[in-house]
Amino acid sequence: FAIGYPADDKVLQVLKSYQRVNQHLIGVFNHEQLIGMVGFEKVTEQIIIRHIAVLPDCRNQGIGKALIGFVIKEFTPQQIIAETDEEALR
């Protein structure tokens, strides 16, 4: 998750950014628990992935792949770009 282990104000800042036009935040739940999410911007025929995360205990089960597949199916982009930063590479 590109915001690392954030303070509450950082989480609120990121969530607020998804209130803009063409910004989307999609979650996957197991019962009522959020276990994965993808946040992206749709620009013409492009999808720019800004955030993607799956809970550590839920990884390696295809959840991230399913999230990306859902985005492709529902938004039919011609191109997908994954944005990252130094913190996400650690």
Side-chain angles (χ1 to χ4, degrees):
F1 192 49
I3 61 173
Y5 299 99
D8 289 345
D9 60 331
K10 179 66 173 178
V11 171
L12 291 174
Q13 178 186 352
V14 169
L15 289 175
K16 192 173 185 178
S17 74
Y18 286 102
Q19 295 176 355
R20 296 184 307 222
V21 175
N22 296 331
Q23 302 286 327
H24 303 272
L25 192 59
I26 297 171
V28 62
F29 292 82
N30 183 11
H31 302 283
E32 293 183 13
Q33 181 185 18
L34 178 65
I35 60 170
M37 54 147 296
V38 62
F40 60 94
E41 178 179 7
K42 176 125 172 47
V43 181
T44 60
E45 298 300 314
Q46 281 185 337
I47 293 290
I48 303 168
I49 297 172
R50 305 254 185 236
H51 299 95
I52 186 164
V54 175
L55 287 178
D57 290 345
C58 299
R59 293 181 185 160
N60 299 312
Q61 299 176 33
I63 294 168
K65 182 178 180 179
L67 281 165
I68 299 299
F70 178 84
V71 169
I72 291 168
K73 180 180 175 195
E74 294 297 315
F75 294 87
T76 61
Q78 295 297 310
Q79 183 179 33
I80 297 178
I81 298 168
E83 187 178 87
T84 192
D85 57 22
E86 288 294 320
E87 186 177 348
L89 297 175
R90 293 184 207 151

> Just how far is it from atom CD of Gln23 to atom CD1 of Ile48, taken to the nearest 0.5 Å?
Replying inline: 8.5 Å
> Got a sec, which residues hit side-chain contact (heavy atoms from CB on, under 4.5 Å) with Gln33, two or more places apart in sequence or on another chain?
Replying inline: Ile35, Leu55
>> Check for me, please, whether Phe75 and Val28 land in the same ILVMFWY cluster - side-chain distances under 4.5 Å, paths through other members count.
In response: yes
> Arg59 and Val54: which non-hydrogen atoms are nearest, and at how many Å?
Replying inline: NE-O, 2.8 Å
> Roughly how far, to the nearest 0.5 Å, is CD of Glu45 from CD1 of Ile80?
Replying inline: 12.0 Å
> How far does CD of Glu32 sit from CG of Leu34, to the nearest 0.5 angstrom?
Replying inline: 12.0 Å
>> Applying a strict under-4.5 Å side-chain criterion to I, L, V, M, F, W and Y, I'd like to know whether Ile81 and Ile49 cluster together.
In response: no
> Take atom CG in Asn22; do more than 12 heavy atoms of anything else shown fall under 6.0 Å from it?
Replying inline: yes
> So, do Ile26 and Phe40 sit near enough that their side-chain heavy atoms are less than 4.5 Å apart?
Replying inline: yes
> Taking only residues two or more places apart in sequence, or in another chain, which ones meet Gln61 in a side-chain hydrogen bond (donor to acceptor under 3.5 Å, both in side chains)?
Replying inline: none
> Short question: side chain of Arg50, backbone of Glu83 - any donor-acceptor pair under 3.5 Å?
Replying inline: no
> From Tyr18 OH over to Glu41 CD, what is the distance, rounded to the nearest 0.5 angstrom?
Replying inline: 9.0 Å
> In Å and rounded to the nearest 0.5 Å, what is the CD1 to OG1 distance from Ile47 to Thr44?
Replying inline: 9.5 Å
> Say you draw a straight line from NZ of Lys65 to CD1 of Ile52; how long is it, rounded to the nearest 0.5 Å?
Replying inline: 12.5 Å
